[in-house]
S.K.: 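First the structure, which I've put down as structure tokens, then a few questions once you've had a look.
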Amino acid sequence: MKKLMAVAVALVFATSAMAQILSVGQTAAAEKQGAISATVGATLWTGDADVKVIGARCTYGVIDSLLLIGDLGVAMNGDSTFGLGLAAQYTLPVELPVDLAVRLGYGTYDIGEFSDAGMLEAMVTASAKIEAVDGLAVYGGVGIIY
């Protein structure tokens, strides 16, 4: 079951430019110091995996362009497994048509046994705001999970 959950977590990582547990994108845009945001979301798969993940994310701007990200979630595949994720994201000060950020994170779906199901994530994300619709952005990322 732990190996299946590790594969499910890897699939969650691969679905978007997200951090750790929750498959909700975090743009690469710079945030101001003291900025706080919260997001709730769900991911559903069908087929062989049939994994359902419900989670919440909170971000805090430590300094300008540096975010701390915390995720808490539940993966349901027969049994409910709780997950925890922590990450830091730094927006690079570059003059490009897109925002670029570097993210380092750690996630686990076995909170009591960090060594069995923990994953380290390092990635670069890019995002661009859609000016026609306030709050809408396109984003993507490339990275590695160990």
Side-chain angles (χ1 to χ4, degrees), residues 2 5-46 49-94 96-146:
K2 289 182 181 182
M5 193 54 59
V7 170
V9 173
L11 289 173
V12 171
F13 278 128
T15 57
S16 68
M18 42 72 70
Q20 310 81 242
I21 305 300
L22 185 60
S23 181
V24 171
Q26 181 75 41
T27 66
E31 295 287 338
K32 297 290 184 195
Q33 181 177 0
I36 297 175
S37 71
T39 307
V40 177
T43 303
L44 304 175
W45 285 280
T46 58
D50 195 28
V51 177
K52 298 163 187 67
V53 178
I54 299 170
R57 169 174 297 153
C58 184
T59 64
Y60 175 71
V62 179
I63 59 173
D64 287 355
S65 301
L66 179 63
L67 277 181
L68 287 183
I69 303 168
D71 287 354
L72 187 60
V74 178
M76 296 166 283
N77 187 12
D79 296 331
S80 293
T81 307
F82 293 94
L84 175 68
L86 300 170
Q89 175 176 296
Y90 180 72
T91 301
L92 301 173
V94 293
L96 294 173
V98 296
D99 297 313
L100 290 177
V102 177
R103 178 180 298 155
L104 298 173
Y106 175 80
T108 181
Y109 265 105
D110 225 346
I111 294 176
E113 302 174 25
F114 282 97
S115 62
D116 289 346
M119 287 183 246
L120 296 174
E121 168 196 64
M123 69 185 312
V124 175
T125 61
S127 68
K129 292 182 182 178
I130 306 295
E131 298 299 329
V133 181
D134 188 36
L136 183 62
V138 294
Y139 61 88
V142 62
I144 187 167
I145 299 168
Y146 175 75

S.K.: What's the separation between atom CD in Glu121 and atom CG in Leu104, rounded to the nearest 0.5 Å?
M.R.: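 It comes to 8.5 Å.
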S.K.: For the atom pair CG (Leu68) and CD1 (Ile36), what is the distance rounded to the nearest 0.5 Å?
M.R.: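 Result: 11.0 Å between the selected atoms.
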S.K.: Is Ser65 reaching over with its side chain to a backbone N or O of Tyr90, donor-acceptor style, under 3.5 angstrom?
M.R.: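 Not at all, since once roles are kept as given, no pair shorter than 3.5 Å links the two residues.
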S.K.: Kindly give the heavy-atom pair with the smallest separation between Ala126 and Val98, and that separation in Å.
M.R.: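 Looking at all heavy atoms of both residues, the closest pair is CB-CG2, 4.4 Å.
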S.K.: For Tyr60 and Gly34, work out which heavy atoms get closest and say how close.
M.R.: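 Looking at all heavy atoms of both residues, the shortest contact is CE1-CA, 3.9 Å.
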S.K.: Compare every heavy atom of Leu86 with every heavy atom of Gly70, then report the nearest pair and how far apart it is.
M.R.: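 Of all heavy-atom pairs spanning Gly70 and Leu86, the closest is CA-CD2, 4.3 Å.
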S.K.: Looking at Asp64 and Gln33, would you say the former's side chain and the latter's main chain have a donor-acceptor pair under 3.5 Å?
M.R.: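 Yes, because the side chain of Asp64 sits within donor-acceptor range (under 3.5 Å) of the backbone of Gln33.
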S.K.: Nearest 0.5 angstrom please: Leu67 CG to Cys58 SG, how far?
M.R.: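 That separation rounds to 10.0 Å.
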S.K.: To the nearest 0.5 angstrom, please state how far the NZ atom of Lys129 sits from the CG atom of Leu136.
M.R.: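 Atom-to-atom, Lys129:NZ and Leu136:CG are 11.5 Å apart.
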S.K.: Please find the pair of heavy atoms, one from Ala29 and one from Thr91, that lie closest to each other, and give the distance.
M.R.: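 Residues Ala29 and Thr91, closest heavy atoms: O-OG1, 3.5 Å.
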S.K.: Should we say atom CG of Leu96 is surrounded by more than 12 heavy atoms from elsewhere, each under 6.0 Å from it?
M.R.: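 Yes.
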S.K.: About how many Å separate OG1 of Thr59 and CD of Glu31, when rounded to the nearest 0.5 Å?
M.R.: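 Between Glu31 CD and Thr59 OG1, I get 6.0 Å after rounding to 0.5 Å.
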S.K.: To the nearest 0.5 Å, how far apart are OH in Tyr106 and CG in Leu120?
M.R.: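 The OH atom of Tyr106 sits 7.0 Å away from the CG atom of Leu120.
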S.K.: Is Gln89 close to Ile69 at the side-chain level, that is, under 4.5 Å between some pair of heavy atoms?
M.R.: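 A side-chain contact exists here, since the closest heavy-atom pair is under 4.5 Å.
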S.K.: Indicate the atoms forming the closest heavy-atom contact of Arg103 with Ala87, along with that distance.
M.R.: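 Result for this residue pair: CG-CB, 4.3 Å.
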S.K.: Looking at Gly83 and Leu72, what are the two nearest heavy atoms and their distance?
M.R.: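 Closest pair (atom of Gly83, atom of Leu72, distance): O-CD1, 3.3 Å.
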